[in-house]
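One structure is given below, encoded as structure tokens.
We use all heavy atoms of the structure for the numbers below, so side chains are in, but hydrogens, waters and symmetry mates are not. Just so we're on the same page: letters track the sequence lines, and every chain starts at 1.
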Number of protein chains: 2
Amino acid sequence: MQTFALMRGVHMSVTIKDIAGKVGVAPSTVSRVVNGSASISEETKSRILQAMEEMNYHPNSLARNLVNGYSHCIGLIMDARDDITFSNTFFNRSVYAIDKAAQTNGYNLLIANDDNSKGASPVEKLVLERKVDGLILPSNCVRTGLVEMLVKNGCPFVVLGEPSVMKTEACWVDANNEEGARMAVLHLAEEGFQRIAFLIENRKTVFSEKRIAGYLEGLEAAGLSCGQAYIRECGLPENAETTAGETLEEREAPDAFLCSNNVIAYYTLQALKKRGLRIPEDIGIVTFDNHPFAQYMDPPLTAVDVDTFGLGEQAAFQLIQKIKRAESGSQHTLISTRLLIRRSSQKGGSK
Amino acid sequence: MQTFALMRGVHMSVTIKDIAGKVGVAPSTVSRVVNGSASISEETKSRILQAMEEMNYHPNSLARNLVNGYSHCIGLIMDARDDITFSNTFFNRSVYAIDKAAQTNGYNLLIANDDNSKGASPVEKLVLERKVDGLILPSNCVRTGLVEMLVKNGCPFVVLGEPSVMKTEACWVDANNEEGARMAVLHLAEEGFQRIAFLIENRKTVFSEKRIAGYLEGLEAAGLSCGQAYIRECGLPENAETTAGETLEEREAPDAFLCSNNVIAYYTLQALKKRGLRIPEDIGIVTFDNHPFAQYMDPPLTAVDVDTFGLGEQAAFQLIQKIKRAESGSQHTLISTRLLIRRSSQKGGSK
DNA sequence: TTGTACGCGTTATCAA
DNA sequence: TTGATAACGCGTACAA
């Protein structure tokens with residue numbers, strides 16, 4: 001035990017010099033075989049490799065990073081204010097992809113919470129102290145001040161989700177919300193639903209606007225004339241039951257609901273059940289974002305599923321491109337969505 | 001644009017030498033004021049500070065790390081094989097706490113997926129190349145080979161969840177599953193339920209054993225004689241509906257179910273509903289792990305809630321202690337649970 | 001193909 | 001209180 005305590009710490013590991021000494025060559029030669037640079041005679045090469053094996057050599061990334069000026073780390077910013085926000089499944093599924101893309105490209109993933117309550121933002125430290133080579137940040141972290149600081153310090157970054165400010169200057173990746181909403185509406189129309197309402201928290205967010213556009217396009221394409229009048233804001237998802245209820249009392253009540261997220265869908269479900277309406281026979285439901293529990297609802301919910309893996313993968317990929325090529329183009333990428341058809345919308349195919 | 005491209009990259013930032021030159025002192029003097037070490041005359045100190053301000057100096061962590069041998073990074077290992085596993089809300093809520101604890105102690109958090117399919121494990125690289133000063137790893141990542149490698153390289157680590165191997169050697173933090181199960185049973189007993197069944201995936205995992213122990217203690221304390229006979233394994237959560245159904249057909253059918261996770265609880269709910277049983281009037285349900293959607297079930301599920309924040313916080317805290325003190329004690333910590341009482345178990349208070 | 005010498009930005013030691 | 005110098009481990013011109 002104490003042996004290990006002594007072995008730990010700073011200057012104890014095997015270095016490039018150690019194997020150089022053992023083999024009888026210059027450190028630079030060892031460095032060359034480690035990096036595969038330049039041409040080395042097969043003989044010394046194999047002797048060096050063998051020594052590396054025997055002495056269990058591993059390059060010290062700290063030293064490496066210092067000399068070539070890169071940390072080989074990608075910073076992923078989270079904007080959680082508590083552990084609930086942090087556990088956002090949608091976001092986390094992207095993280096997996098980001099990590100994977102980073103790892104296959106030789107980058108590590110550094111997570112940092114953007115707790116801008118205190119003076120010096122942790123994010124700022126990350127780039128100023130050169131701890132990261134680039135940043136992925138969620139759209140709601142995009143403040144002009146932050147972006148200016150990134151640009152000033154030449155730190156490449158990619159935004160996850162279309163931001164509300166600096167739309168054109170920034171490089172971002174988002175789900176194709178417009179397409180998703182359109183597909184959902186067309187599906188409902190095909191199933192025979194005629195008056196499709198759209199329930200959202202707040203119509204002024206970027207993604208809401210996109211979804212509304214898609215919703216209207218879908219209605220148009222299906223030849224349904226409801227349109228604008230059937231869009232309802234509920235504010236907090238918890239209010240969705242009330243909002244849905246009120247909508248049902250109107251003179252030309254909707255016969256289907258497109259819900260902007262799973263919680264809204266849940267509350268809408270409650271409203272319908274309390275009124276004794278059968279789903280999907282009387283009323284159809286489609287929700288955005290395929291939460292793992294959507295399939296456990298009663299009935300299972302048809303959902304617009306976002307390829308969160310592809311989303312993260314694209315973001316990481318683009319960031320790495322920017323880092324390597326040191327270019328600052330600002331691409332905008334849309335990841336396509338797909339419709340997972342479950343019982344809640346299948347009027348035609350329902351038993 | 002091109003200006004930024006030029007400004008970027010390696011050797012462009014202002015260094016300790018630059019300000020030393022500007023102020024007319026030695027680099028070492030600047031270093032001292034940056035670190036607050038040694039005593040500096042008020043005058044030079046303020047001049048240096050002013051220069052740092054003017055030139056927008058920020059210490060290069062890469063160089064710092066090299067000289068003092070520490071990366072100031074904590075590695076957090078994930079064992080996800082896909083994005084679904086990764087989005088495990090339970091785990092992610094701990095991540096938030098870990099990040100917070102790390103940040104307040106001057107550490108960064110490095111995330112890495114333990115994709116041991118390929119030859120060289122990424123985790124091993126992290127340690128061998130000195131990219132992290134310590135590791136937090138989930139209990140199901142604990143293989144003897146990995147632990148041996150960590151010990152050999154003097155890398156401190158803390159396990160999240162009690163591991164099945166190296167229980168005593170390793171330092172771990174876990175939820176108090178035993179207490180949680182006991183509380184749940186006592187609560188059900190108080191509500192008037194008499195024959196409480198326990199539905200688990202697999203009784204042989206470490207946490208299952210703990211929960212079973214607590215379950216039996218609870219029954220004992222409540223003076224209920226059911227016991228061992230009412231423990232049922234369902235294997236995959238999807239089978240829980242069948243398992244619950246079969247249990248209900250037995251001669252002395254249970255009048256309450258303790259479910260080992262939310263998905264099992266969901267399927268149990270289905271089984272009960274299909275039989276026309278009312279919850280909680282006819283049958284009570286309590287689930288482990290308070291998934292955000294537990295409250296949206298019909299009826300809302302009473303849940304054994306784990307303080308995931310505390311869990312992560314403890315893990316990070318202990319790891320940092322080990323890193324700083326270079327000691328290898330192996331503490332075992334249990335985080336207490338609490339019961340969130342909702343409708344599904346309130347026979348007494350039900351309307 | 002290989003060795004020499006220097007630098008990356010910082011901290012630590014020693015001397016002044 | 002300060003400065004010069006040598007490290008930390010590695011990469012890379014340049015020369016051999």
**Asked** Taking A/Asn68 for the side chain and A/Tyr70 for the main chain, is one N or O donor matched with an acceptor at less than 3.5 Å?
**Response** yes
**Message:** Please report the distance, rounded to the nearest Å, between OH in B/Tyr70 and P in C/dG9.
**Reply:** 24 Å
**Asked** If you look at every heavy atom in A/Leu319 and A/Gly134, which pair is closest and at what distance?
**Response** CD2-C, 3.9 Å
**Complete:** Sequence neighbours excluded, the answer for side chain to side chain contact (heavy atoms under 4.5 Å, CB included) partners of B/Gln50 is B/Glu54
**Item:** Nucleotide C/dG9, atom C1' - distance to NZ of A/Lys131 in whole Å
**Value:** 15 Å
**Message:** Within the 4.5 Å heavy-atom criterion, are B/Asn35 and B/Arg64 side-chain neighbours or not?
**Reply:** yes
**Item:** Salt bridge B/Lys100-B/Glu313, side-chain N to carboxylate O under 4.0 Å
**Value:** no
**Prompt:** Can you check the B/Glu43 CD to D/dT2 C1' distance for me, whole Å?
**Reply:** 13 Å
Output side-chain donor-acceptor pairs under 3.5 Å for residues 56-63 of chain A, partner residues at least two apart or in another chain, one line each.
{"unit_1": "A/Asn56", "atom_1": "OD1", "unit_2": "A/His58", "atom_2": "NE2", "d": "3.3"}
{"unit_1": "A/Asn60", "atom_1": "OD1", "unit_2": "A/Leu62", "atom_2": "N", "d": "2.7"}
{"unit_1": "A/Asn60", "atom_1": "OD1", "unit_2": "A/Ala63", "atom_2": "N", "d": "3.3"}
{"unit_1": "A/Ser61", "atom_1": "OG", "unit_2": "B/Glu129", "atom_2": "O", "d": "2.8"}

**Request:** Mind calculating the distance between CG (A/Asn65) and P (C/dG7) to the nearest angstrom?
**Result:** 21 Å
**Prompt:** Between A/Leu66 (CG) and C/dT11 (C1'), how many Å, whole number?
**Reply:** 12 Å
**Prompt:** Over how many whole Å does the gap from A/Leu128 atom CG to C/dG9 atom C1' extend?
**Reply:** 15 Å
**Prompt:** To the nearest Å, how far apart are B/Ile40 CD1 and C/dT11 P?
**Reply:** 12 Å
**Asked** Think A/Ser41 has a side-chain N or O under 4.0 angstrom from the OP1 or OP2 of C/dT2?
**Response** yes
Show me the protein contacts with nucleotides 10-12 of chain D, counting only N or O atoms at under 3.5 Å.
{"unit_1": "D/dC10", "atom_1": "OP1", "unit_2": "A/Tyr57", "atom_2": "OH", "d": "2.6"}
{"unit_1": "D/dC10", "atom_1": "OP1", "unit_2": "A/Asn60", "atom_2": "N", "d": "3.2"}
{"unit_1": "D/dC10", "atom_1": "OP2", "unit_2": "A/Ile16", "atom_2": "N", "d": "2.6"}
{"unit_1": "D/dG11", "atom_1": "OP1", "unit_2": "A/Asn35", "atom_2": "OD1", "d": "3.2"}
{"unit_1": "D/dG11", "atom_1": "OP1", "unit_2": "A/Asn35", "atom_2": "ND2", "d": "3.3"}
{"unit_1": "D/dG11", "atom_1": "OP1", "unit_2": "A/Arg64", "atom_2": "NE", "d": "2.8"}
{"unit_1": "D/dG11", "atom_1": "OP2", "unit_2": "A/Ser31", "atom_2": "OG", "d": "2.9"}
{"unit_1": "D/dG11", "atom_1": "OP2", "unit_2": "A/Asn35", "atom_2": "ND2", "d": "3.1"}

